[in-house]
Student: 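Just passing along the structure, written as structure tokens.
Every chain is numbered from 1 and lettered A, B, ... according to where its sequence line falls, protein lines coming before strand lines. This structure is a prediction, so every number in the text was calculated from the model and none was measured.
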2 protein chains.
Amino acid sequence: MPHSTHVTLAQVAAAAGVSIATASRAINGSTRKVSEDIRQRVAQTAEELGYLPNLSAQTVVKGAAPVVAVLVSDIADPYFSSISAGVMAGAREAGLMVTMATSERRSEDELEMIRTFRAQRPRAIIVVGSRQEPDERTAEIENQLQTYRDSGGHVVLISQGPSPFDLVEIQNYDGAKQLAHALVDRGGRSFGIAAGRRSLRTNVDRIAGFTDGLAERGLSLADGAIAEAPFTRDGGFTAMTELLGRREELQLDTVFATSDLMAFGAATAMRSAGVIPGQDISLAGFDNIALAEDVTPALTTVDVPLEEAGYRAVKLALAEDPAPESLQLGTSVILRGSTPQR
Amino acid sequence: MPHSTHVTLAQVAAAAGVSIATASRAINGSTRKVSEDIRQRVAQTAEELGYLPNLSAQTVVKGAAPVVAVLVSDIADPYFSSISAGVMAGAREAGLMVTMATSERRSEDELEMIRTFRAQRPRAIIVVGSRQEPDERTAEIENQLQTYRDSGGHVVLISQGPSPFDLVEIQNYDGAKQLAHALVDRGGRSFGIAAGRRSLRTNVDRIAGFTDGLAERGLSLADGAIAEAPFTRDGGFTAMTELLGRREELQLDTVFATSDLMAFGAATAMRSAGVIPGQDISLAGFDNIALAEDVTPALTTVDVPLEEAGYRAVKLALAEDPAPESLQLGTSVILRGSTPQR
DNA sequence: TTGAAAGCGATACCAG
DNA sequence: CTGGTATCGCTTTCAA
């Protein structure tokens, strides 16, 4: 029978010779109890008929969907996909589904996606991504999230504080500062930064941490030592090319790219300019994505527990703690071949 | 007011002084028409009250959720995250949400996830991943998908044929064959393969294509020239290490890793054995993931239009074509520094 | 313990 | 064009 419709609870109940109410209780154990033999019989016929509960119907009456919604900028970016992996692991443990959307870093899309999320009545909404410069939409987004929470939902940001919501925060500032120390220890003296746009807080924090770290060692950045470009692999290429144009005046010996992805682009830019990364100019990144240790030279970077961030975000969301909690995730410097002792 | 509940259509209708039916028609334009002024008024009050339709309620009556469900093995793997990006783009265009689950390559999880998907009544289910050796569960999975389709859903596999469902197929065999030709043209004579497990069709096909490609050039693989290991970055390391142990007898000059990720692991294995990839032994991968051109030496590989695969899968799912369609996605060899002329 | 019936929020048919 | 109402599949009082 083509296009047969789904098996419903009513059909199961009928086939088992019980009421719909009983069937419901038997299949999704409620508070009420059902005699063991009836439970068995219902379960059996449900199995035989291939019954699957209609999640939407359950959601309508229960008021919330067994779902956690995640908003990321770009799922193809290893940074976000690692976090997502953690979210999925957390959701799995909690018996929840995951619905995912990408904003491509456009706040208008972000707003639209969050509305759509809300329409779904998920148990939690997790928003991943750097805090941006506030604009008209940012405020409206926060508004949406507020009313979502007021109606019983849980919001977790994987971002930077301060925030009115639960927060999983990466220690960008501290990590960058430690990195600066380590690079100075390796003999770096004249630094450059291939930075992602400072409209993203992530970059602001990483730059500040790095600069302050240098200052604590009595060093400072020369004018024009920060080249800003899009926070992508190609941006890294662009920024590095710009820095190389000022190579002489800057006397560049070490470059910090504000993400591993940018560092990869930067390394390629170096090579196409005949500069050997790690040898002529040291290079460090941030994030410690999976491939950082496979490139040549292996990339010095700051390890960020991305998957854990996603996992903890789910836990936080489901914690039922009234007051917004904030979680700091530590980072650690990983020294590799791209920053040899000099 | 804490835990206030959601605004419902009834409330909007009341506030706008119209019937629920009219409000419904005004907000989600149905076949019926609504006078422009009433439409305006309803839209306005909906806006003011912050009304958002309850997707689940709509789904219950409509019979299907505005959702496409995607099952991947591992979202942190760039192969799958690229495909996912394409799926999300396609879904976005079609105005659908995406729910995602990971199976971690365990067929028991896969089965469970597909059941959960079905409970959601999505418009389409997309399963991404290599065909595996059939086991008890594989059959049950196919069963679930069958009955899902019989009840009006759409199933698309991004995998290998033959398949009773819509299929987006990567030309693994052809791509590997072309790669073999190209590598022979570059002067390769004694080949090794760092292969992922042959329990996955992907690997079987890539190995076969490569071997046949060599044969067409009058070459063949020596005994023990295929090292099999898990289809991961670490597996590549393992397999390469094994091949290096037989380096002398094999007289290895070129190694084909059945994925870029494996190639990265293989390159690292080479280096830790003091062998320089691209110089001492040529190395090629498969997939052309984003970072393949950023490693040193840049990795020769076979380009697979991953994002397009995801995108096309959604299109296929929504095409409303009764007969299962099958789509071949072409691949192309990308020659880079890891396989210099020798 | 079990069943009848009242919703949950929204759509769509059928009158008016 | 608009409104009343049956209905979708399921949960949960309220009685029995």
Student: Please report, rounded to the nearest Å, how far the P atom of C:dC8 is from the CD atom of A:Gln120.
Tutor: 22 Å
Student: Are A:Glu110 and A:Arg105 ion-paired here, with the side-chain N under 4.0 Å from a carboxylate O?
Tutor: no
Student: Hydrogens and angles aside, do B:Thr59 and B:Ser56 bring a side-chain donor and acceptor to less than 3.5 Å of each other?
Tutor: no
Student: Strictly under 3.5 Å: I want the nitrogen or oxygen pairs between protein and nucleotides 9-11 of chain C, one per line.
Tutor:
residue : atom : partner : partner atom : Å
C:dA10  : OP1  : B:Tyr51 : OH           : 2.7
C:dA10  : OP1  : B:Asn54 : N            : 3.1
C:dA10  : OP2  : B:Leu9  : N            : 2.4
C:dT11  : OP1  : B:Asn28 : ND2          : 2.9
C:dT11  : OP1  : B:Gln58 : OE1          : 2.9
C:dT11  : OP2  : B:Ser24 : OG           : 2.6

Student: Starting at CZ of A:Arg41 and ending at P of C:dT1, how long is that distance when rounded to a whole Å?
Tutor: 16 Å
Student: Hey, are B:Arg39 and B:Glu36 close enough for a salt bridge, meaning a charged N less than 4.0 Å from a carboxylate O?
Tutor: yes
Student: Would the distance check show the side chain of A:Asp74 and the main-chain N or O of A:Glu104 forming a donor-acceptor pair, the cut-off being under 3.5 Å?
Tutor: no
Student: May I ask you to evaluate whether A:Ser35 reaches the phosphate of C:dT2, defined as a side-chain N or O under 4.0 Å from OP1 or OP2?
Tutor: yes
Student: OP1 or OP2 of D:dT2 sitting under 4.0 Å from any side-chain N/O of B:Thr22?
Tutor: no
Student: Will you find, in the side chains of A:Gln44 and A:Arg41, an N or O donor that is under 3.5 Å from an N or O acceptor?
Tutor: no
Student: Compute whether any side-chain donor of one residue and acceptor of the other, for A:Asp135 and A:Ser107, lie under 3.5 angstrom apart.
Tutor: yes
Student: Determine yes or no for a side-chain-to-main-chain donor-acceptor pair under 3.5 angstrom, with A:Tyr148 supplying the side chain and A:Ala124 the backbone.
Tutor: yes
Student: Considering the terminal five base pairs at each end of the helix from C:dT1-D:dA16 to C:dG16-D:dC1, what angle separates the two local helix axes, rounded to 10°?
Tutor: 40°
Student: With no hydrogens and no angle check, do the side chains of A:Asp150 and A:Thr147 hold a donor and an acceptor under 3.5 Å apart?
Tutor: no
